[in-house]
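Everything on this sheet refers to the single structure shown next.
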Amino acid sequence: MAATMNPAEELKFATHFLHSISSLPIKYQPDYVPPLSQWFPTLPTASRPFALRDKSNPTTEPSITITLKPLKSPITLTQSKYTLPPLTPIHSLKSQIAASTKRASSSLRLVYKGKVLVDTKTLQDYDMKDGATVHLMLAAGAKQEEQVQEQQTVPAVQETVSNRPADDDESIYKAKGCDAQLWTDLRGVVNKHFDDKHAEKVLGEFVKSYHQLCGPLSVGDRDALRKAEKGSA
């Protein structure tokens with residue numbers, strides 16, 4: 001007597017049988033040629049493209065504010081904060097700084113996170129965020145030219161300091177400090193009691209204290225004092 005299965009068992013058997021067959025590897029004859037529809041892979045559906053950034057109009061970007069600080073430089077800043085779009089070129093920022101400092105933009109160097117900024121790049125290229133601090137310094141050639149100009153003006157400044165009326169203590173200290181003989185005599189006394197290493201340290205502390213006695217010092221006063229101090233070495 002043949003065994004019979006109810007419809008549920010038949011469906012279960014057919015499902016299992018078809019699943020077993022579909023899991024078997026497909027073997028093709030050596031002369032098999034795939035259909036033309038399988039020759040070209042189907043490309044995935046294109047995603048929605050991002051909007052291209054319009055670099056010709058930097059005002060579309062949110063502006064950032066950077067703070068400028070002089071780094072080992074005698075530059076006097078009349079403007080220390082600049083609010084600019086992130087796509088602003090470095091040479092454009094230097095042009096604005098040059099206009100406010102009355103210096104050529106080629107003589108300026110901008111430093112951010114230890115890197116000298118390249119004129120052709122933008123603020124965004126250096127990942128500058130709002131509130132970033134950029135340091136300003138002079139190029140090597142500009143420093144040397146400025147030093148030559150200062151050396152040329154030192155004799156006139158020293159003469160001006162020497163001819164001031166000694167009507168108060170600060171004027172007396174400034175006038176005496178511009179005399180190289182004072183520092184020569186002082187160096188001789190210190191060298192008698194200390195070796196070279198400690199003598200320089202003692203003299204350095206004395207110079208700091210002496211400058212405080214002279215009161216507020218202009219750039220010319222400081223140059224004249226330093227020239228006299230170095231002349232005694």
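Residue numbers count from 1 along this sequence.
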Quick one: do the T83 and T65 side chains pair a donor with an acceptor below 3.5 Å?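 Checked: T83/T65 side chains pair up, N/O donor to acceptor below 3.5 Å.
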
Determine whether [X] and [Y] make a side-chain contact, defined as any pair of heavy atoms from C-beta on separated by less than 4.5 Å.
X	Y	answer
L123	I90	yes
L117	M128	yes
L136	L110	yes

For a quick test of reading the model, state the closest non-hydrogen atom pair linking [X] to [Y] and the distance between them.
X	Y	answer
L108	K94	O-NZ, 3.1 Å
P86	P62	CD-O, 2.9 Å
Q96	Y82	OE1-CD2, 3.7 Å
V116	Y126	O-OH, 4.0 Å
K81	Q79	O-NE2, 2.9 Å
I97	S100	O-OG, 2.9 Å

Hydrophobic clusters here meaning ILVMFWY residues chained together by side-chain heavy-atom distances under 4.5 Å, can you tell me if I21 and I26 are in one? no

Spell out, yes or no, whether Y112 and V118 are grouped together once hydrophobic residues are joined by side-chain heavy atoms under 4.5 Å, including indirect joins.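 Same hydrophobic cluster.
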
At what distance, to the nearest 0.5 angstrom, does [atom1] of [X] lie from [atom2] of [Y]?
X	Y	atom1	atom2	answer
K113	D127	NZ	CG	6.0 Å
S106	R109	OG	CZ	7.5 Å
Q124	L84	CD	CG	13.0 Å
T133	I66	OG1	CD1	9.0 Å

Return yes if some donor-acceptor pair links the side-chain N/O of N191 with the main-chain N/O of G188 below 3.5 Å, else return no. no

Give a yes or no answer on whether the side chain of S107 reaches the backbone of A104 with a donor-acceptor pair at less than 3.5 Å. yes

Looking at D196, I want to see if its CG is surrounded by more than 12 non-hydrogen atoms of other residues, nucleotides or ligands under 6.0 Å. no

